[in-house]
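Below is one structure, written out as structure tokens, with a few remarks after it.
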Amino acid sequence: MRRPFIAGNWKMHMTTSEASGLASELVAACREIDGVDIAVAPPFTALAAVGKAFAGSSIGLGAQNMHWEDKGAFTGEIAAAMLTDVGCRYVILGHSERRQFFGETDEGVNRKVLAAFKHKLIPIVCVGESEEERDRGVTFVIVDRQVTGALKNVAASQMANVVVAYEPIWAIGTGRTATPAQAQEVHQTIRAKLAGLFGNEAAAGVRILYGGSVMPENAAEFVSLEGVDGALVGGASLKVDAFTGIVTETARVKATAR
Ligand code: 13P
């Protein structure tokens, strides 16, 4: 049984004081919610402050990126051990904004995934097609390539600690979500691919999240789908009520499904 998972990606938002405030509000708001794993990925500069606010709560701390090397002359980069040192449990890897604006490749994402395992971080591996790719009918080709590339040399036994996030690029920050049918067919394709690479049992244990304009109002549409195990939330994760609403909806829908 896969535990539902809602992760917030704060992207490049929040000073440390804003971050601490929001994190404390989230701890209070999510205290009573059961049956859903929750994580938040603030910017690097706010990790320590948010980690402090989350201490003793069940909300996990995540980072939005990292470098694959353990240490060295890599100006501006952050290593996995630095993330675990401030209390991170998760790291988002291969987000489409990193691929689009910072030249991340499948190979680079793969190196980072392997580094994450080495340091006992749970990678949240992002995949998803652009609008142009969807229009050309190559969505499955793209997602297949991204999944295969990111998970090269990963052992089947490690797959229980991988989270995959399907985020169609055209749905990110646009208010335009995939239809439930579109999301579900890509989720099914990803799980089938994982089964081909790692076997049915390993694939059945991987949590696959949907991301792209998820709000409290539409969260249930996605998380009620078979094979959609939660959401990776951008804009709505910056507001305590919206993020808590998504977590609450997920808890409600998944409890009913059990
Ligand atoms: P939005 O929820 O703002 O569309 O962002 C999704 C996302 O990119 C999360 O990683």
Side-chain angles (χ1 to χ4, degrees), residues 5 7-12 39 41 43-44 47 62-72 74 76-84 88-130 132-134 138-172 186-187 189-194 196-198 202-203 206-212 229-234:
F5 184 31
N9 173 9
W10 287 1
K11 306 193 179 182
M12 199 172 73
F44 292 129
L47 282 172
Q64 299 174 17
N65 181 32
M66 66 175 201
H67 193 56
W68 56 75
E69 291 290 348
D70 280 350
K71 58 173 78 165
F74 300 102
E77 292 293 330
I78 301 281
M82 298 170 186
L83 300 182
T84 53
C88 284
R89 195 174 138 80
Y90 303 94
V91 61
I92 298 172
L93 296 175
H95 191 279
S96 63
E97 286 148 18
R98 300 235 33 105
R99 295 178 191 257
Q100 265 184 297
F101 306 130
F102 304 99
E104 287 219 350
T105 61
D106 292 326
E107 195 204 346
V109 176
N110 179 235
R111 288 184 185 205
K112 293 177 182 192
V113 167
L114 298 174
F117 285 135
K118 186 172 156 195
H119 292 273
K120 302 199 163 41
L121 282 162
I122 297 178
I124 302 174
V125 178
C126 302
V127 300
E129 81 288 359
S130 66
E132 184 265 329
E133 288 160 344
R134 177 159 285 271
V138 295
T139 297
F140 297 136
V141 179
I142 296 295
V143 170
D144 191 296
R145 191 206 72 210
Q146 291 171 331
V147 169
T148 310
L151 300 175
K152 200 173 150 198
N153 296 326
V154 171
S157 60
Q158 292 173 307
M159 287 306 293
N161 287 319
V162 173
V163 176
V164 175
Y166 168 56
E167 301 200 303
I169 297 172
W170 46 273
I172 295 178
V186 180
H187 277 243
T189 302
I190 293 171
R191 205 174 298 282
K193 183 72 210 176
L194 294 174
L197 292 169
F198 302 102
V206 177
R207 290 183 289 184
I208 308 180
L209 314 181
Y210 169 76
D229 304 304
L232 181 55
V233 183

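The salt bridge (Lys or Arg N to Asp or Glu O under 4.0 Å) search around K152 returns none, not counting sequence neighbours. Checked against side-chain hydrogen bond (donor to acceptor under 3.5 Å, both in side chains), T139 has no partners two or more places apart in sequence or in another chain. With sequence neighbours excluded, no residue forms a side-chain hydrogen bond (donor to acceptor under 3.5 Å, both in side chains) with W68. Residues passing the side-chain contact (heavy atoms from CB on, under 4.5 Å) test with R191, sequence neighbours excluded: R2, A203, V206, I208, D229. Taking the ring pair (Phe, Tyr, Trp, His ring centres under 6.0 Å) definition, one finds that F44 meets it with nothing, sequence neighbours left out. Applying the side-chain contact (heavy atoms from CB on, under 4.5 Å) rule to A156 yields the partners F198, A202; only residues at least two apart in sequence or on another chain are considered. Under the side-chain hydrogen bond (donor to acceptor under 3.5 Å, both in side chains) criterion, Q64 pairs with no residue at all, not counting sequence neighbours. For H67, the ring pair (Phe, Tyr, Trp, His ring centres under 6.0 Å) test picks out F74, with sequence neighbours left out. Among residues two or more places apart in sequence or in another chain, the side-chain hydrogen bond (donor to acceptor under 3.5 Å, both in side chains) test is passed with H119 by D70. The side-chain contact (heavy atoms from CB on, under 4.5 Å) search around T148 returns D144, K193, L197, not counting sequence neighbours. Residues meeting the side-chain contact (heavy atoms from CB on, under 4.5 Å) test with A165, sequence neighbours left out: I124, C126, E167, L209, L232. By the salt bridge (Lys or Arg N to Asp or Glu O under 4.0 Å) test, E77 pairs with no residue at all, sequence neighbours left out.
For I190 against V147, the heavy-atom pair with the smallest separation is CG2-CG2, 4.2 Å. Between A150 and V125, the shortest heavy-atom distance links the atoms CB-CG1, 3.7 Å.
Heavy-atom neighbours of R98 CZ from other residues, nucleotides or ligands within 6.0 Å: above the threshold of 12. Other residues, nucleotides and ligands place more than 12 heavy atoms under 6.0 Å from the CD atom of E69.
Between V141 and E129, every side-chain heavy-atom pair lies at or beyond the 4.5 Å cut-off.
In this structure, Y210 contributes its side chain and G212 its backbone to a donor-acceptor pair below 3.5 Å.
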